[in-house]
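Structure record follows, encoded as structure tokens.
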2 protein chains.
Amino acid sequence: MASMNDVARRAGVSIATVSRVLNNSSSVNEETRLKILKAIKELKYQPSRVAKRLRSKGGPGNLLGVLIPDIQNPFYVDVLRGIEDIAYKNNYVIIVCNFSQDEKKEAMYLDILESEAIDGLIAAPASEDDVRVKKMVQNGLPVVCVDRGLNGIDVDVVWVNNDAGAFAAVDYLAKAGYKRIGHIAGLPTIPSSRLREAGYRRALAENNLPFDPQWLVYGNSTYKSGVELAEKLLSLPTPPDALFTGNNLITLGALETIHKRKLHIPNDVAIIGFDDMNWSNSLNPPLTAVRQPAYEIGQRAGELLIQRIRDPKRAPIQMTLNSELMVRGSC
Amino acid sequence: MASMNDVARRAGVSIATVSRVLNNSSSVNEETRLKILKAIKELKYQPSRVAKRLRSKGGPGNLLGVLIPDIQNPFYVDVLRGIEDIAYKNNYVIIVCNFSQDEKKEAMYLDILESEAIDGLIAAPASEDDVRVKKMVQNGLPVVCVDRGLNGIDVDVVWVNNDAGAFAAVDYLAKAGYKRIGHIAGLPTIPSSRLREAGYRRALAENNLPFDPQWLVYGNSTYKSGVELAEKLLSLPTPPDALFTGNNLITLGALETIHKRKLHIPNDVAIIGFDDMNWSNSLNPPLTAVRQPAYEIGQRAGELLIQRIRDPKRAPIQMTLNSELMVRGSC
DNA sequence: GATACAAATGTAAACGATTTCATGAAACAC
DNA sequence: GTGTTTCATGAAATCGTTTACATTTGTATC
């Protein structure tokens with residue numbers, strides 16, 4: 001790899017001049033300018049982003065960190081896609097850190113990101129009291145949260161109205177005549193899980209349905225937890241006649257259990273899931289789901305982050321996107 | 001962020017000694033050693049990976065590039081997971097480059113990766129004649145290919161036996177009595193697509209089924225292409241009575257079309273897909289599919305890459321994992 | 001007691017860029 | 001002709017490491 005020095009030598013100028021041409025920072029004679037450009041082409045010179053990053057901290061290192069809790073979850077993959085699209089368009093690359101809901105792994109990744117001198121971070125923190133992420137914000141690193149906020153700290157957030165989305169789903173079930181609506185919730189440490197649970201409870205209350213604690217179970221937001229908790233609910237003496245599942249993976253896991261038990265949806269048990277997938281229509285039966293605009297969440301987060309990198313003093317924005325109930329055949 | 005200089009000052013030694021302690025590269029007095037460790041702790045010093053990478057090229061910068069064609073494809077997400085697991089265990093982080101099957105974007109990303117001074121690359125190149133990836137191999141960068149190889153270049157590859165997997169699927173359909181087996185193939189520029197097509201043709205031949213070109217269509221391996229090409233095949237005067245779909249997304253797209261047309265699987269049309277998903281069982285009906293061990297592919301690729309970084313002269317390995325036909329209800 | 005060697009540490013150059021400051025030449029005003 | 005700008009460029013410091021080389025001290029060898 002040719003360095004700036006090689007280019008300078010070849011063009012017969014100093015590296016300072018080369019740098020000036022590259023950043024057209026100040027006036028340089030047109031003739032030398034062309035000489036330098038020629039040399040750059042001939043040597044196929046490419047500036048080293050590493051050197052640039054080391055030298056000008058706080059300057060544009062063009063590197064972002066993305067911290068997500070579970071890359072198996074299609075929701076985060078879509079968010080990631082949105083981020084990547086925006087990042088790429090702005091000449092940023094992203095380091096993907098999947099911490100698999102493991103706080104130790106999360107901490108390790110945050111250390112590394114700091115050490116990599118990233119320009120900004122998009123994170124779905126492990127909890128809203130996530131000390132490590134909070135500290136990074138306080139240290140002045142541009143941060144945008146997705147799906148979850150941070151307690152007591154003003155930070156950009158992009159999310160959906162989880163409470164309203166959950167309410168819409170459960171309300172729909174109630175109005176459709178289901179009386180024993182169960183809920184498989186995600187990790188209670190995750191704010192969005194709690195908000196969805198709140199929506200669930202509120203919908204029960206407003207429809208005068210009793211809340212029965214045995215029908216509310218908590219898992220860790222994985223496929224496996226969906227399988228097992230559905231098993232648990234459906235084995236009850238009086239099992240729910242409808243399920244509201246807290247996310248993508250839980251839904252798919254629950255479906256697995258329902259099918260294994262040869263139960264008919266929606267006659268034996270109805271189901272509405274939080275998170276839509278573009279193949280929800282091909283499920284058996286087509287799944288009714290609360291759609292989060294995941295890709296768009298990623299895009300918005302990416303845009304906010306790049307904005308904040310350029311203007312660190314902009315006041316924090318909390319962006320709430322709308323969820324939408326996609327009614328299909330599963331209830 | 002504290003630097004090595006700060007540590008040195010605090011411990012009353014020179015930065016060289018600090019560096020020696022950190023890399024325990026040569027003997028340093030136990031007493032000063034402890035002093036330094038204490039200073040490191042007090043200052044919460046963390047070495048800068050950027051500076052390290054700049055200084056010692058070829059040394060361990062602990063940064064890998066991953067170049068994948070389509071992050072929407074669950075197959076690659078699983079591969080990515082496998083890579084990430086291994087990378088994380090070895091203190092590497094990965095820059096994820098999703099080029100969305102766009103060669104220009106791929107080229108741009110490769111430039112950037114070079115400029116980021118990555119230690120190694122795991123790539124699913126756009127084609128087996130991918131000039132840019134080839135050049136990186138020739139330049140001595142450790143590279144492992146997944147899912148696809150490179151023509152005329154000896155390079156580590158991890159993939160499955162695509163031909164055999166496809167054969168097994170189509171052979172199964174034939175033996176089950178289907179006579180008009182259609183195939184929605186992926187991009188013919190992708191080696192794995194061609195191998196799957198070869199397996200398809202071979203299975204037809206060995207079962208004495210005529211090959212009808214109108215039942216073989218090519219798309220770009222996306223969900224959308226699955227929707228549209230299934231539409232095309234099923235609109236033929238004599239439509240296929242069974243479909244073999246070339247990948248994950250094509251399968252899901254084809255299912256969408258089949259359901260939209262209210263066709264019954266497998267009575268109206270049977271389907272076997274390449275690529276399994278852990279929720280295949282929840283599809284309508286449970287999907288028969290050729291399973292690729294995607295997560296394991298990622299792990300193996302990660303291991304090979306780290307090996308190669310440590311020993312660049314090791315002879316290239318081509319690792320072929322087994323695919324498996326998961327028979328369920330869709331045929 | 002001079003020489004040699006090992007251990008412990010420091011000095012300074014390098015990696016590849018950016019950026020401040022200095023310098024020289026040309027242009028202009030008086 | 002001297003002084004002041006302006007334009008074009010170069011020299012050198014800097015970012016935070018690693019590492020080749022130099023230096024100091026203590027100890028073993030003859």
Side-chain angles (χ1 to χ4, degrees), chain A residues 1-37 39-40 43-63 91 111-119, chain B residues 1-37 39-40 43-63 91 111-119:
Chain A
M1 280 275 301
S3 80
M4 222 167 89
N5 235 311
D6 303 326
V7 174
R9 200 163 14 231
R10 176 153 197 137
V13 297
S14 79
I15 55 167
T17 310
V18 177
S19 173
R20 276 188 272 259
V21 169
L22 253 44
N23 309 304
N24 39 14
S25 53
S26 80
S27 56
V28 18
N29 186 288
E30 189 58 19
E31 196 179 340
T32 47
R33 185 192 162 68
L34 291 176
K35 256 195 318 194
I36 290 172
L37 289 178
I40 287 179
L43 293 172
K44 295 191 185 154
Y45 166 72
Q46 252 219 306
S48 154
R49 294 165 74 108
V50 180
K52 193 178 292 195
R53 192 168 305 134
L54 175 61
R55 172 53 221 245
S56 25
K57 272 203 159 168
N62 294 331
L63 182 63
N91 193 30
D111 280 344
I112 292 179
L113 288 178
E114 217 171 334
S115 159
E116 288 285 358
I118 54 171
D119 300 315
Chain B
M1 280 275 299
S3 79
M4 223 167 87
N5 233 311
D6 304 325
V7 175
R9 198 161 18 231
R10 177 154 197 138
V13 297
S14 79
I15 54 167
T17 309
V18 177
S19 174
R20 276 187 272 260
V21 169
L22 253 44
N23 308 303
N24 38 14
S25 54
S26 79
S27 55
V28 17
N29 186 289
E30 190 57 21
E31 196 180 339
T32 47
R33 184 192 162 70
L34 291 176
K35 255 197 317 197
I36 291 173
L37 289 178
I40 287 178
L43 293 172
K44 293 191 190 157
Y45 165 74
Q46 251 218 306
S48 154
R49 294 164 74 108
V50 181
K52 194 178 292 196
R53 193 169 303 134
L54 175 62
R55 171 53 220 243
S56 30
K57 272 202 161 171
N62 294 333
L63 181 64
N91 193 28
D111 280 344
I112 293 179
L113 288 179
E114 220 171 331
S115 159
E116 288 284 358
I118 53 171
D119 300 315

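Quick note on labels: first sequence line is chain A, next is B, and so on, each numbered from 1. The analysis underlying the following values was restricted to heavy atoms, covering all of them including side chains, and did not include hydrogens, waters or symmetry mates.
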If I take atom CG in residue Asn24(A) and atom P in nucleotide dT19(C), what distance separates them, rounded to the nearest angstrom? 13 Å
Heavy atoms only: give me the nearest Leu54(A)-Ala51(B) pair and the separation to one decimal. CD1-CB, 4.0 Å
Which atom pair, heavy atoms only, marks the closest approach of Met4(A) to Ile15(A)? CE-O, 3.0 Å
Rounded to whole Å, please give me the gap between CZ in Arg49(A) and C1' in dT18(C). 16 Å
When you measure from the side chain of Ser56(B) to the backbone N and O of Lys52(B), does any donor-acceptor pair fall under 3.5 Å? yes
Do the non-hydrogen side-chain atoms of Glu116(B) and Ile112(B) ever get within less than 4.5 Å of each other? yes
Under 4.0 Å between any heavy atoms, over every strand shown, what does Gln46(B) touch: base, sugar-phosphate, or nothing? Just pick one. sugar-phosphate
Please report, rounded to the nearest Å, how far the P atom of dT17(D) is from the CG atom of Leu54(A). 9 Å
Using atom types as modelled and distance alone, determine if a side-chain donor or acceptor of Arg49(B) lies under 3.5 Å from a backbone N or O of Asn62(B). yes
For nucleotides 7-13 of chain C, give me every protein contact, N/O to N/O, under 3.5 Å, one pair per line with atom names.
residue	atom	partner	partner atom	Å
dA8(C)	OP2	Ser27(B)	OG	3.0
dT9(C)	OP1	Thr32(B)	OG1	3.3
dT9(C)	OP2	Asn29(B)	N	2.8
dT9(C)	OP2	Thr32(B)	OG1	3.0
dG10(C)	OP2	Ser14(B)	N	2.8
dG10(C)	OP2	Ser14(B)	OG	3.1
dG10(C)	OP2	Thr17(B)	OG1	2.8
dG10(C)	N7	Arg20(B)	NH2	2.7
dG10(C)	O6	Arg20(B)	NH1	3.3

Rounded to whole Å, the CG-P distance (Asp6(A) to dA14(C)) equals 14 Å
Length of the line joining Met4(A):CE and dA12(D):P, which is rounded to integer Å: 16 Å
For a quick check of understanding: with a heavy-atom distance under 4.0 Å over all strands, which category does Ser19(B) fall into, base, sugar-phosphate or nothing? base
Rounded off to whole Å, could you give me the CG-to-P distance for the Leu34(A) and dA8(D) pair? 13 Å
Would a 4.5 Å heavy-atom cut-off, applied to side chains only, mark Ser19(B) and Leu22(B) as touching? no
Take the protein atom NZ of Lys52(A) and the nucleotide atom P of dC15(C), then report the distance between them rounded to whole Å. 19 Å
For the residue pair Asp111(A) and Ser115(A), confirm or rule out a side-chain donor-acceptor distance under 3.5 Å. no
Using whole Å, report how far OH of Tyr45(B) lies from P of dG16(D). 10 Å
Considering just the side-chain nitrogens and oxygens of Asn5(A), establish if one lies under 4.0 Å of OP1 or OP2 belonging to dA17(C). no
All heavy atoms of Ala117(B) vs all of Val50(A), minimum pair found to be CB-CG2, 4.0 Å
Taking five pairs at each end, how big is the angle between the two axes of the helix from dG1(C)-dC30(D) to dC30(C)-dG1(D), to 10°? 60°
Note, Ile36(A) side chain near Arg33(A) side chain (heavy atom, < 4.5 Å): no
